[in-house]
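Okay, structure first, notes after.
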Amino acid sequence: MRDNAKGGALTEVTFFILLALHQPRHGYAVMQFVEERTGGRLALGAGTLYGALNALQEKGWIAPWGGDAGRKKEFLITGRGREAASGELARLRELTETAEDIIGGETEWKSGTVTSGPCWRPSPAG
């Protein structure tokens, strides 16, 4: 996993796993959560998921939850994991605000088919 623990971006898979583990879940339930919440855009294989779970556990971002006698091993996000997820949410909000300022708020899209030149023009100052 290439997540930057010092405030950098998390991978999308890591972020969704941390979100899934805000409540206790076993591996298959995590896979279902990620697939459902991304509309099937992300589908985790077992090898990818269990490798990620091991790495997150080593970082102290998740921990086993409850007993595992006679049932599937469940995990839950830790305080450090919540900090990592909250940091990623803040980073994504900042990124989105910047993009909205540039793409959404400062341009006016022209209608029709573009055959040459730019397809947008700056909005008039006002």
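Predicted, not measured: the structure shown is a model, and the values here were computed from it.
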Inter-residue atom distance [X].[atom1] - [Y].[atom2], 0.5 Å rounding:
X: Glu100; Y: Ile102; atom1: CD; atom2: CD1; result: 10.5 Å
X: Leu76; Y: Leu21; atom1: CG; atom2: CG; result: 7.0 Å
X: Leu56; Y: Ile62; atom1: CG; atom2: CD1; result: 5.0 Å

Cluster check [X], [Y]: I/L/V/M/F/W/Y, side chain < 4.5 angstrom:
X: Leu44; Y: Tyr28; answer: no
X: Val34; Y: Leu92; answer: yes
X: Leu10; Y: Leu42; answer: yes

Heavy-atom pair of closest approach, residues [X] and [Y]:
X: Phe16; Y: Phe33; result: O-CE2, 3.8 Å
X: Val30; Y: Ala20; result: CG1-CB, 4.2 Å
X: Gly27; Y: Leu49; result: O-CD2, 3.0 Å
X: Ile77; Y: Leu18; result: CD1-O, 3.6 Å

Quiz item: Under 4.5 Å between any side-chain heavy atoms of Thr11 and Thr14, yes or no?
Solution: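 A side-chain contact exists here, since the closest heavy-atom pair is under 4.5 Å.
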
Quiz item: With no hydrogens and no angle check, is any side-chain donor or acceptor of Thr78 less than 3.5 Å from a backbone partner on Ala63?
Solution: no

Quiz item: Sub-3.5 Å donor-acceptor pair from the side chain of Arg25 to the main-chain atoms of Phe75, do we have one?
Solution: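 No, the answer is negative, given that no donor and acceptor are paired below the 3.5 Å cut-off.
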
Practice problem: Using the salt bridge (Lys or Arg N to Asp or Glu O under 4.0 Å) rule, collect all pairs that involve residues 78-89, keeping only residues at least two apart or in two chains. | Solution: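 Output for this query lists Glu88-Arg91.
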
Quiz prompt | Pairs involving residues 45-57, ordered by first then second residue, that meet side chain to side chain donor-acceptor pair (under 3.5 Å) (sequence neighbours left out) | solution =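 Residue pairs with at least one partner in residues 45-57: there are none.
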
Quiz prompt | Partner of Trp65 by side chain to side chain contact (heavy atoms under 4.5 Å, CB included), out of Lys73, His26, Glu74 | solution = Glu74

Quiz item: Who passes salt bridge (Lys or Arg N to Asp or Glu O under 4.0 Å) against Arg41, sequence neighbours left out?
Solution: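 With sequence neighbours excluded, Arg41 shows a salt bridge (Lys or Arg N to Asp or Glu O under 4.0 Å) to Glu12, given in chain and number order.
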
